[in-house]
Amino acid sequence: PPFFFSSRRRNTRCSGVSWAREMCIRDRILGVFSVSEIPVREIMIPRPHVIAIDVNEELNTVITKVIESGHSRFPVINGKLDEIIGILHAKDLLKNQINTNNDFDLHDYMRPATFIPESKRLNILLNDFKASRNHIAIVIDEHSNVSGLVTLEDLIEEIIGEIDDETDIDVEGVKTQHDGSLIIEGSVTIRDLNRSLGWNLPDENYNTLAGLVLFESKTIPEPGQEFRFFNVKFSILQRKDNFISRLRLWNEIGIKDDKK
(Lines give C-alpha, C1' and ligand atoms only; values in the text may rest on other atoms or scores of the structure.)
Protein backbone atom coordinates (compact mmCIF):
# COMPACT_ATOMS: atom_id res chain seq x y z
CA PRO A 1 0.00 0.00 0.00
CA PRO A 2 1.17 3.56 -0.74
CA PHE A 3 0.55 4.98 2.73
CA PHE A 4 1.38 4.16 6.31
CA PHE A 5 -0.14 6.27 9.04
CA SER A 6 -0.56 5.52 12.71
CA SER A 7 -4.07 6.24 13.97
CA ARG A 8 -3.26 5.83 17.68
CA ARG A 9 -3.37 9.52 18.49
CA ARG A 10 -5.86 10.58 15.85
CA ASN A 11 -8.48 13.19 16.73
CA THR A 12 -11.90 11.77 15.90
CA ARG A 13 -13.80 15.03 16.18
CA CYS A 14 -13.78 16.45 12.63
CA SER A 15 -15.07 19.92 13.49
CA GLY A 16 -13.80 23.47 13.71
CA VAL A 17 -12.11 25.52 11.02
CA SER A 18 -11.98 24.11 7.49
CA TRP A 19 -8.26 23.26 7.45
CA ALA A 20 -8.52 21.32 10.70
CA ARG A 21 -11.58 19.47 9.43
CA GLU A 22 -9.76 18.56 6.21
CA MET A 23 -6.76 17.28 8.20
CA CYS A 24 -9.03 15.13 10.34
CA ILE A 25 -10.78 13.65 7.29
CA ARG A 26 -7.40 12.97 5.71
CA ASP A 27 -6.23 11.19 8.87
CA ARG A 28 -9.28 8.94 8.80
CA ILE A 29 -8.69 8.04 5.15
CA LEU A 30 -5.03 7.26 5.83
CA GLY A 31 -6.11 5.18 8.79
CA VAL A 32 -7.86 2.82 6.37
CA PHE A 33 -4.56 2.29 4.54
CA SER A 34 -2.59 1.80 7.75
CA VAL A 35 -4.46 -1.33 8.85
CA SER A 36 -2.89 -3.35 6.04
CA GLU A 37 0.49 -2.83 7.74
CA ILE A 38 -0.45 -3.48 11.37
CA PRO A 39 -0.45 -6.96 12.97
CA VAL A 40 -3.16 -7.74 15.49
CA ARG A 41 -0.62 -8.01 18.34
CA GLU A 42 -0.26 -4.20 18.32
CA ILE A 43 -3.91 -3.46 19.14
CA MET A 44 -5.05 -6.54 21.05
CA ILE A 45 -6.12 -6.53 24.67
CA PRO A 46 -3.15 -8.30 26.30
CA ARG A 47 -3.56 -11.54 28.24
CA PRO A 48 -3.35 -9.99 31.76
CA HIS A 49 -6.40 -7.84 30.98
CA VAL A 50 -8.62 -10.48 29.42
CA ILE A 51 -11.80 -11.00 31.46
CA ALA A 52 -12.88 -14.61 31.10
CA ILE A 53 -15.67 -16.70 32.59
CA ASP A 54 -15.08 -20.24 33.80
CA VAL A 55 -17.57 -22.77 32.47
CA ASN A 56 -18.15 -24.07 36.02
CA GLU A 57 -19.01 -20.70 37.60
CA GLU A 58 -22.40 -20.21 39.20
CA LEU A 59 -25.05 -18.09 37.46
CA ASN A 60 -24.89 -15.25 40.02
CA THR A 61 -21.11 -15.09 39.69
CA VAL A 62 -21.34 -14.92 35.89
CA ILE A 63 -24.01 -12.20 35.92
CA THR A 64 -22.02 -10.14 38.44
CA LYS A 65 -18.90 -10.38 36.30
CA VAL A 66 -20.83 -9.36 33.17
CA ILE A 67 -22.37 -6.32 34.87
CA GLU A 68 -19.20 -5.12 36.60
CA SER A 69 -16.99 -5.44 33.53
CA GLY A 70 -19.33 -3.60 31.17
CA HIS A 71 -18.27 -5.88 28.31
CA SER A 72 -20.64 -7.68 25.97
CA ARG A 73 -18.56 -10.73 25.00
CA PHE A 74 -16.42 -13.03 27.12
CA PRO A 75 -14.12 -15.99 26.51
CA VAL A 76 -15.38 -19.08 28.32
CA ILE A 77 -12.55 -21.15 29.81
CA ASN A 78 -12.23 -24.59 31.31
CA GLY A 79 -10.05 -23.95 34.34
CA LYS A 80 -7.35 -21.82 32.71
CA LEU A 81 -7.07 -19.13 30.05
CA ASP A 82 -5.24 -21.34 27.58
CA GLU A 83 -8.29 -23.62 27.47
CA ILE A 84 -10.91 -21.40 25.85
CA ILE A 85 -13.91 -23.49 24.85
CA GLY A 86 -16.28 -20.81 23.56
CA ILE A 87 -17.57 -17.25 23.68
CA LEU A 88 -20.39 -15.96 25.87
CA HIS A 89 -22.53 -13.07 24.59
CA ALA A 90 -24.06 -11.19 27.49
CA LYS A 91 -27.31 -10.65 25.60
CA ASP A 92 -27.72 -14.40 25.12
CA LEU A 93 -27.27 -15.02 28.83
CA LEU A 94 -29.59 -12.26 30.04
CA LYS A 95 -32.26 -12.89 27.41
CA ASN A 96 -32.49 -16.59 28.14
CA GLN A 97 -32.52 -16.12 31.93
CA ILE A 98 -35.74 -14.12 31.82
CA ASN A 99 -38.72 -16.20 32.97
CA THR A 100 -36.77 -19.42 33.34
CA ASN A 101 -36.08 -21.55 36.38
CA ASN A 102 -34.04 -24.23 34.63
CA ASP A 103 -30.71 -25.39 36.00
CA PHE A 104 -27.92 -23.19 34.72
CA ASP A 105 -25.39 -24.71 32.33
CA LEU A 106 -23.04 -22.29 30.60
CA HIS A 107 -22.56 -24.73 27.72
CA ASP A 108 -26.10 -23.86 26.61
CA TYR A 109 -25.13 -20.22 25.99
CA MET A 110 -21.71 -20.55 24.38
CA ARG A 111 -20.88 -19.72 20.79
CA PRO A 112 -17.79 -21.02 18.96
CA ALA A 113 -14.55 -19.14 19.58
CA THR A 114 -12.41 -17.83 16.72
CA PHE A 115 -8.63 -18.09 17.09
CA ILE A 116 -6.15 -15.99 15.10
CA PRO A 117 -2.35 -15.61 15.13
CA GLU A 118 -0.64 -12.50 16.52
CA SER A 119 0.76 -11.73 13.08
CA LYS A 120 -2.60 -11.46 11.32
CA ARG A 121 -3.01 -8.12 9.53
CA LEU A 122 -5.89 -5.90 10.55
CA ASN A 123 -7.29 -5.50 7.03
CA ILE A 124 -7.63 -9.28 6.73
CA LEU A 125 -9.21 -9.49 10.19
CA LEU A 126 -11.69 -6.76 9.27
CA ASN A 127 -12.78 -8.76 6.22
CA ASP A 128 -13.09 -11.89 8.38
CA PHE A 129 -15.24 -10.07 10.92
CA LYS A 130 -17.46 -8.77 8.15
CA ALA A 131 -17.86 -12.16 6.48
CA SER A 132 -18.53 -14.10 9.69
CA ARG A 133 -20.50 -11.39 11.51
CA ASN A 134 -18.25 -12.20 14.45
CA HIS A 135 -17.03 -9.33 16.65
CA ILE A 136 -14.34 -10.97 18.78
CA ALA A 137 -11.30 -13.16 18.17
CA ILE A 138 -8.85 -14.87 20.51
CA VAL A 139 -5.20 -14.11 19.70
CA ILE A 140 -2.66 -16.91 20.12
CA ASP A 141 1.13 -16.91 19.99
CA GLU A 142 3.49 -19.26 18.15
CA HIS A 143 3.13 -21.84 20.92
CA SER A 144 -0.68 -21.80 20.67
CA ASN A 145 -0.99 -20.05 24.04
CA VAL A 146 -3.52 -17.24 24.45
CA SER A 147 -1.78 -13.87 24.23
CA GLY A 148 -4.88 -11.66 24.17
CA LEU A 149 -8.09 -10.88 22.35
CA VAL A 150 -9.28 -8.34 19.82
CA THR A 151 -12.74 -6.97 19.10
CA LEU A 152 -14.34 -5.23 16.16
CA GLU A 153 -14.43 -2.03 18.21
CA ASP A 154 -10.65 -2.20 18.75
CA LEU A 155 -10.16 -2.54 15.00
CA ILE A 156 -12.51 0.30 14.10
CA GLU A 157 -10.86 2.59 16.65
CA GLU A 158 -7.51 1.82 15.03
CA ILE A 159 -8.91 3.16 11.76
CA ILE A 160 -10.88 6.21 12.87
CA GLY A 161 -9.62 6.87 16.41
CA GLU A 162 -11.25 6.51 19.80
CA ILE A 163 -15.03 6.05 19.91
CA ASP A 164 -16.46 8.12 22.74
CA ASP A 165 -19.62 7.29 24.67
CA GLU A 166 -21.73 9.03 27.30
CA THR A 167 -19.47 7.94 30.15
CA ASP A 168 -16.31 9.49 28.73
CA ILE A 169 -14.52 12.37 30.44
CA ASP A 170 -14.26 15.51 28.31
CA VAL A 171 -10.55 15.16 27.60
CA GLU A 172 -9.38 13.87 24.24
CA GLY A 173 -7.97 10.37 24.67
CA VAL A 174 -9.61 9.56 28.04
CA LYS A 175 -12.40 6.99 28.42
CA THR A 176 -14.16 6.04 31.65
CA GLN A 177 -14.72 2.31 32.18
CA HIS A 178 -17.57 0.63 34.04
CA ASP A 179 -15.23 -0.58 36.77
CA GLY A 180 -14.15 3.01 37.54
CA SER A 181 -10.82 2.76 35.75
CA LEU A 182 -9.73 5.03 32.91
CA ILE A 183 -8.38 4.06 29.48
CA ILE A 184 -6.00 6.87 28.52
CA GLU A 185 -3.81 7.57 25.49
CA GLY A 186 -0.15 7.98 26.38
CA SER A 187 -0.06 11.37 24.65
CA VAL A 188 -2.57 12.93 27.08
CA THR A 189 -0.86 15.68 29.05
CA ILE A 190 -0.56 15.55 32.82
CA ARG A 191 -1.90 19.10 32.99
CA ASP A 192 -5.15 18.21 31.19
CA LEU A 193 -5.57 15.07 33.29
CA ASN A 194 -5.08 16.94 36.56
CA ARG A 195 -7.51 19.68 35.57
CA SER A 196 -10.19 17.24 34.44
CA LEU A 197 -9.97 14.77 37.31
CA GLY A 198 -8.85 17.00 40.16
CA TRP A 199 -5.67 14.98 40.52
CA ASN A 200 -2.26 16.32 41.43
CA LEU A 201 0.19 14.24 39.39
CA PRO A 202 3.57 15.98 39.08
CA ASP A 203 4.66 17.28 35.68
CA GLU A 204 8.02 18.94 36.39
CA ASN A 205 10.04 16.28 34.54
CA TYR A 206 7.56 15.24 31.84
CA ASN A 207 4.49 16.55 30.02
CA THR A 208 2.53 13.43 29.09
CA LEU A 209 1.24 10.33 30.83
CA ALA A 210 3.63 8.15 28.83
CA GLY A 211 6.50 10.37 29.93
CA LEU A 212 5.50 9.99 33.58
CA VAL A 213 5.61 6.18 33.40
CA LEU A 214 8.92 6.14 31.53
CA PHE A 215 10.53 8.56 33.99
CA GLU A 216 9.20 6.98 37.19
CA SER A 217 9.68 3.33 36.15
CA LYS A 218 13.17 3.92 34.70
CA THR A 219 12.30 1.38 32.00
CA ILE A 220 10.41 0.95 28.73
CA PRO A 221 7.47 -1.18 29.91
CA GLU A 222 5.90 -4.06 28.04
CA PRO A 223 2.10 -4.43 27.62
CA GLY A 224 0.72 -6.12 30.73
CA GLN A 225 3.17 -4.54 33.18
CA GLU A 226 1.73 -2.62 36.12
CA PHE A 227 3.12 0.14 38.34
CA ARG A 228 1.95 2.29 41.21
CA PHE A 229 3.00 5.93 41.44
CA PHE A 230 1.43 8.73 43.49
CA ASN A 231 -1.50 6.56 44.64
CA VAL A 232 -2.44 5.74 41.06
CA LYS A 233 -2.16 2.28 39.51
CA PHE A 234 -0.82 2.29 35.93
CA SER A 235 -1.34 -0.72 33.65
CA ILE A 236 0.32 -0.74 30.22
CA LEU A 237 -2.13 -1.77 27.50
CA GLN A 238 -0.34 -0.96 24.26
CA ARG A 239 3.10 0.12 23.10
CA LYS A 240 4.18 1.22 19.63
CA ASP A 241 7.95 0.90 19.28
CA ASN A 242 9.16 2.73 22.42
CA PHE A 243 6.04 4.86 22.83
CA ILE A 244 3.46 3.87 25.46
CA SER A 245 0.33 4.45 23.41
CA ARG A 246 -2.44 3.33 25.79
CA LEU A 247 -2.77 2.75 29.54
CA ARG A 248 -5.40 1.86 32.11
CA LEU A 249 -5.39 3.88 35.34
CA TRP A 250 -7.03 3.36 38.72
CA ASN A 251 -7.11 6.03 41.39
CA GLU A 252 -6.08 4.19 44.55
CA ILE A 253 -6.19 6.89 47.20
CA GLY A 254 -5.21 5.40 50.53
CA ILE A 255 -2.38 3.18 49.34
CA LYS A 256 0.51 3.74 51.72
CA ASP A 257 3.36 3.02 49.33
CA ASP A 258 3.79 5.72 46.69
CA LYS A 259 5.85 3.51 44.43
CA LYS A 260 6.04 -0.13 43.59
Side-chain angles (χ1 to χ4, degrees), residues 8-13 41-53 61 63-72 74 81 147-151 153-154 157 161-260:
R8 300 181 197 285
R9 296 186 294 277
R10 182 176 297 117
N11 183 357
T12 65
R13 297 181 176 87
R41 74 171 69 92
E42 294 192 12
I43 73 161
M44 71 180 183
I45 299 170
R47 180 185 178 108
H49 301 285
V50 172
I51 299 176
I53 293 175
T61 302
I63 291 178
T64 298
K65 187 175 291 187
V66 168
I67 294 173
E68 290 182 350
S69 71
H71 299 316
S72 58
F74 303 82
L81 192 57
S147 55
L149 64 79
V150 63
T151 68
E153 181 180 1
D154 297 325
E157 287 186 348
E162 290 291 335
I163 301 172
D164 297 332
D165 62 32
E166 66 275 9
T167 64
D168 290 339
I169 294 173
D170 192 22
V171 174
E172 185 70 20
V174 179
K175 295 183 68 177
T176 304
Q177 304 301 296
H178 293 272
D179 62 358
S181 65
L182 302 170
I183 301 294
I184 306 181
E185 299 297 307
S187 58
V188 170
T189 66
I190 301 297
R191 182 180 183 184
D192 286 345
L193 204 59
N194 285 340
R195 285 181 172 180
S196 175
L197 301 175
W199 291 4
N200 191 31
L201 295 174
D203 60 358
E204 294 84 3
N205 298 303
Y206 32 74
N207 294 319
T208 66
L209 194 60
L212 183 155
V213 174
L214 290 173
F215 183 87
E216 297 294 340
S217 68
K218 305 296 190 297
T219 186
I220 300 176
E222 297 288 341
Q225 282 191 266
E226 296 182 348
F227 305 91
R228 283 185 175 87
F229 310 117
F230 315 111
N231 290 329
V232 176
K233 180 180 176 181
F234 298 78
S235 179
I236 311 303
L237 297 183
Q238 294 178 6
R239 197 187 82 187
K240 172 61 176 177
D241 296 328
N242 290 331
F243 178 74
I244 302 172
S245 57
R246 186 173 299 175
L247 309 89
R248 185 189 294 266
L249 270 63
W250 290 263
N251 185 357
E252 296 188 332
I253 297 298
I255 293 179
K256 294 181 180 180
D257 295 329
D258 286 338
K259 298 183 179 182
K260 179 178 180 180

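The first residue of the sequence shown is numbered 1, and numbering continues consecutively from there.
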Open item on the list: Within this structure, what is the CZ-CD1 distance for the pair Arg246 and Ile184, rounded to the nearest 0.5 Å?
Closed with: 11.5 Å

Task: For Thr208, side chain to side chain contact (heavy atoms under 4.5 Å, CB included) partners two or more places apart - done: Ala210

Open item on the list: What I'd like to find out is whether the side chain of Ser147 reaches to under 4.5 Å of the side chain of Met44, using heavy atoms alone.
Closed with: yes

Task: With sequence neighbours excluded, residues passing side chain to side chain contact (heavy atoms under 4.5 Å, CB included) with Glu222 - done: Gln225, Arg239

TODO: Please round to the nearest 0.5 Å and tell me the distance separating atom OG1 of Thr189 and atom CG of Leu201.
DONE: 11.0 Å

TODO: Apply the ring pair (Phe, Tyr, Trp, His ring centres under 6.0 Å) test between Phe234 and each candidate in Phe215, Phe229, Phe227; give the one that qualifies.
DONE: Phe229

TODO: First locate atom CZ of Phe230, then atom CD of Glu216, and finally report the distance between them rounded to the nearest 0.5 Å.
DONE: 3.5 Å

Open item on the list: For the CD atom of Gln177 and the CG atom of Leu182, what is their distance to the nearest 0.5 Å?
Closed with: 8.0 Å

Open item on the list: Taking side chain to side chain contact (heavy atoms under 4.5 Å, CB included) as the definition, give me every residue that meets it alongside Leu214, ordered by chain and number, with sequence neighbours left out.
Closed with: Ile220, Pro221, Ile244

- [ ] Identify the two heavy atoms, one from Phe243 and one from Ser187, that lie closest to each other, and give their separation to 0.1 Å.
- [x] CZ-N, 3.8 Å

Open item on the list: Does Asn207 form a side-chain contact (heavy atoms from CB on, under 4.5 Å) with Ile190? I'd like the steps, not just the answer.
Closed with: CA-CA 6 Å; Asn207 294 319; Ile190 301 297; over 6 Å; no

TODO: Show your working on side-chain contact (heavy atoms from CB on, under 4.5 Å) between Val66 and Ile53 and close with a plain yes or no.
DONE: CA-CA 9 Å; Val66 168; Ile53 293 175; 4.2 Å; yes

TODO: Kindly indicate whether the side chain of Gln238, heavy atoms from C-beta on, has any atom under 4.5 Å from the side chain of Ile43.
DONE: yes

Task: Between CG on residue Leu247 and CG on residue Leu237, distance to nearest 0.5 Å - done: 6.5 Å

Task: Gap separating the CG atom of Leu249 from the CG atom of Leu212, nearest 0.5 angstrom - done: 9.0 Å

